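The structure under discussion appears below in the form of C-alpha cells.
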Amino acid sequence: MSDHTVRTLRPDEHRAAWDLFRAALHVQPGTDEEWEPAARAHQDGRVLGVFGPELIGTTRSFDSEMVVPGGARLPLAAVTGVGVRAGRTRRGVLSALQAAQLADFAERGVALALLHASEGAIYGRYGYGIATLANRVVVDKHRAQLRPDVPDGGEVTVLGIDEAAPKWPELYAATAMGRVAAMTRSEIYWPGYEAQLRRRAKLVQTAVHRGPDGVDGYLTYYVEEDSHEHGKLQVMAFHYANPAAFAGLWRFLLSVDLVDEIVLPLRPLDEPHALLFADPRTAKTESTDDESWLRLVDVPAALAARAYGPAEPVVIEVSDRSLPANDGRYLVGPGGASRTDAEPALRLTADTLAMLYFGTWRASALADTGRIEVLDAAAPEAADVLFGTRESVWCGTFF
Ligand SMILES: CC(C)(COP(=O)(O)OP(=O)(O)OC[C@H]1O[C@@H](n2cnc3c(N)ncnc32)[C@H](O)[C@@H]1OP(=O)(O)O)[C@@H](O)C(=O)NCCC(=O)NCCS
C-alpha cells in the first residue's frame with residue numbers, strides 16, 4: 001500500500017508537472033515558448049500530482065469521444081503525461097496515480113480511457129489492454145507504379161502550416177471519424193499537435209483532397225531536411241472519407257519531387273497500400289506495433305453501447321481489481337449486452353476485456369493463450385463473431 005498524497009493540480013502547478021514528465025522521458029525542462037502551447041494541452045481539473053512531500057509523480061487526461069463498433073460515440077478520457085521522478089520509481093507512485101485517476105473517471109461517468117504506452121509491461125495491471133495495432137508502411141517511390149485501374153481521385157490543393165493549421169480541426173472532423181476507435185479532437189488537442197509538427201520540420205505541408213462532394217481527405221507531411229541525397233517524405237496525417245480520396249492522395253504523394261521514400265508511421269492494418277501498385281512489394285510493412293491501450297471504465301455502459309455480430313449469445317464473467325463495480329456477468333448477443341445472473345461461458349479480467357472490445361484480438365486467441373478461462377467450449381467461437389469487426393480498428397490520434 002502506498003501512503004502517497006494524490007491531488008488535482010492547480011493551473012499554476014501544471015508547468016512543474018510538465019517538466020517532471022519531460023524529465024521522466026529524459027528531456028530537459030521546456031522553454032517559455034514550448035510551454036505556451038503545452039499549457040493549453042493541460043485541461044483544467046485533469047492534471048494529477050503525487051506529493052512526497054514535493055511533486056514526485058504526475059499524469060493528466062483530456063476529454064474526448066471514441067467511436068465504438070456500430071458507430072456510437074462514448075465519452076473518453078485520453079490519458080497522457082505519465083511520469084515519476086527518477087529516484088522515486090517502483091515505490092507505488094504510478095499505482096497511486098492510477099487508482100485516483102480511474103476513480104475520478106468512474107465518478108465523472110467516463111466510459112472509456114485510452115493511452116499510448118511507453119512500455120508494454122506497465123498498464124495491464126490497471127485494466128488497460130492493447131486495443132488497436134498499427135503498421136509502419138514504407139513505399140519505395142522509384143519502384144512505385146500505380147495500377148491502371150486505381151481510381152483517379154479529385155483535385156489536391158497544398159497549404160502551408162500557417163494556412164492549414166486553423167483548418168485541421170474541420171478537416172479532421174469531416175474525414176477521420178468513420179473508423180471504429182477514431183477519437184474526436186477538441187481545442188485541447190490541436191495546439192500541442194501543431195507545436196510538435198513545427199518543431200519537426202521547417203516546412204510542413206497539408207494536401208487537401210476535393211472530390212465531387214467537396215473536401216473528403218487530407219494529409220500532412222514534411223520531407224526530412226538533410227535528406228536531399230535520399231529524400232524521405234514523412235506522412236504525419238492521412239485521413240480520407242472514401243476510396244477515391246485515398247487514391248487521389250496517393251497520386252499526390254507520388255507526384256512530390258526529390259523524394260525516394262515515403263514513410264507512413266502508424267497506419268490501419270487493413271489499409272490497402274500494396275494493392276495500389278503494379279508491384280505490390282512497392283509498399284512494405286516494416287513493423288506492426290501496439291497503437292493504443294484501452295480501459296473500459298464503465299463496463300456495463302461500454303458493452304451496451306457497441307454492436308455485435310450474428311452468433312449465439314455468450315455470458316462473460318468480468319473481474320476488475322481496480323474498479324470492482326464492473327465485476328459481474330454480462331449476457332452479450334446480437335441484440336446487445338446487459339448484466340445477468342446466468343452461468344458464465346467465459347471468464348476474463350478487465351485488461352483482457354479491453355483487448356476483446358474492439359475485436360482486434362479474437363476471443364479464441366485470447367482463450368488459446370490462457371487469457372480467457374473457457375467454461376463452455378463453444379463460447380470462444382461465438383465470441384469471435386460477436387466481438388469481430390468488419391474493418392480493422394484504428395485510433396489514428398497520437399497524444
Ligand atoms: C513507468 C513509470 C511511470 C512507473 O512508475 P512507478 O512509480 O515506478 O510505478 P509503480 O511503483 O507504481 O509500479 C507499479 C507496478 O508496475 C511495475 N512497473 C512499473 N513500471 C514498469 C516498467 N517500466 N516495466 C515493468 N513493470 C513496471 C512495478 O514493478 C510495480 O509492479 P508490482 O505492482 O507487481 O509491484 C515510471 O517508471 C516512469 O516515469 N518512467 C518513465 C516515463 C514513462 O515511461 N512514462 C509512461 C508514459 S506512457
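Here the structure is a predicted model, which is why all the values come from computation and not from measurement. When a ligand or atom number is given, it counts from 1 through the structure's own listing order. In what follows, every heavy atom counts, from backbone to side chain, and hydrogens, waters and symmetry copies are set aside. Counting from 1, the numbers follow the sequence of the chain as shown.
- Shown in contact with S95 at under 4.0 Å from a heavy atom are these atoms of ligand 1, numbered in order with element: 12 (O), 14 (C).
- Atom 44 (O) of ligand 1 has as its closest protein heavy atom S118 OG, 2.6 Å.
- Taking atom 26 (N) of ligand 1 as the reference point, the nearest protein heavy-atom neighbour is A121 O, 4.0 Å.
- Using 4.0 Å as the threshold, H116 has a heavy atom nearer than that to some atom of ligand 1.
- Considering backbone and side-chain N/O of R88, none are found under 3.5 Å from N/O of ligand 1.
- No donor-acceptor distance shorter than 3.5 angstrom exists from the side chain of T89 to the backbone of A86, with no hydrogens or angles considered.
- Proximity of atom 35 (O) of ligand 1 to the protein is not indicated, since no non-hydrogen protein atom lies closer than 4.0 angstrom.
- Among Y193, F62, Y189, the one residue that satisfies the ring pair (Phe, Tyr, Trp, His ring centres under 6.0 Å) test with F399 is F62.
- In summary, of the residues considered (L348, T349, L353), a side chain to side chain contact (heavy atoms under 4.5 Å, CB included) with I372 occurs for L348 alone.
- Below 30°, between 30° and 60°, or above 60°: for W394 and H239 the angle between ring planes is between 30° and 60°, a tilted geometry.
- By the 6.0 Å and 45° rule, R108 does not stack over the aromatic ring of F105.
- A distance of 13.0 Å separates CZ of R295 from CG of L114, quoted to the nearest 0.5 Å.
- Remark: ligand 1 and I122 share no N or O pair separated by less than 3.5 Å (distance only, no angle test).
- Neither V138 nor L264 shares a network with the other; the hydrophobic side chains, linked directly or stepwise wherever heavy atoms of I, L, V, M, F, W or Y lie under 4.5 Å apart, form separate groups for each.
- Judged by distance alone, the side chain of R371 and the main-chain N or O of A365 form no donor-acceptor pair under 3.5 Å.
- Closest heavy-atom approach to atom 9 (O) of ligand 1 within the set V93, L94, V50: this belongs to L94.
- Under the 4.5 Å side-chain heavy-atom criterion for grouping Ile, Leu, Val, Met, Phe, Trp and Tyr, V47 is not connected to V110 through any hydrophobic cluster.
- In this structure, Y126 has a heavy atom closer than 4.0 Å to ligand 1.
- With respect to atom 45 (N) of ligand 1, the closest heavy atom belonging to the protein is V82 O, 2.9 Å.
- Annotation: G92 places an N or O atom under 3.5 Å from an N or O atom of ligand 1; distance criterion only.
- Here's the thing with A117: none of its N/O atoms is less than 3.5 angstrom from an N/O atom of ligand 1.
- Ring-plane geometry between H273 and F238 is classed as tilted, the angle between the planes lying from 30 to 60 degrees on a 0 to 90 degree scale.
- Using a 4.0 Å cutoff on heavy atoms, Y123 counts as a contact of ligand 1.
- By the criterion of a heavy-atom distance under 4.0 Å, both the backbone and the side chain of R90 are placed next to ligand 1.
- Counting protein heavy atoms only, atom 38 (C) of ligand 1 is closest to V84 N, 3.9 Å.
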- Kindly determine whether D140 and D260 satisfy side chain to side chain contact (heavy atoms under 4.5 Å, CB included), including the steps that lead there. CA-CA 6 Å; D140 176 351; D260 299 294; over 6 Å; no
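- Summarising the geometry, atom CG belonging to D104 is positioned 6.5 Å from atom CZ belonging to R46; distances are rounded to the nearest 0.5 Å.
- Which parts of ligand 1 touch G83 is read off a 4.0 Å heavy-atom cut-off, strictly below it: atoms 39 (O).
- In this structure, of R125, E119, R22, the residue bringing a heavy atom nearest to atom 27 (C) of ligand 1 is R125.
- Atom 40 (N) of ligand 1 lies below 4.0 Å from none of the non-hydrogen atoms of the protein.
- Atoms of ligand 1 found under 4.0 Å from any heavy atom of R91, numbered from 1 in the order shown, are 11 (O).
- No N or O atom of L25 sits closer than 3.5 Å to an N or O atom of ligand 1.
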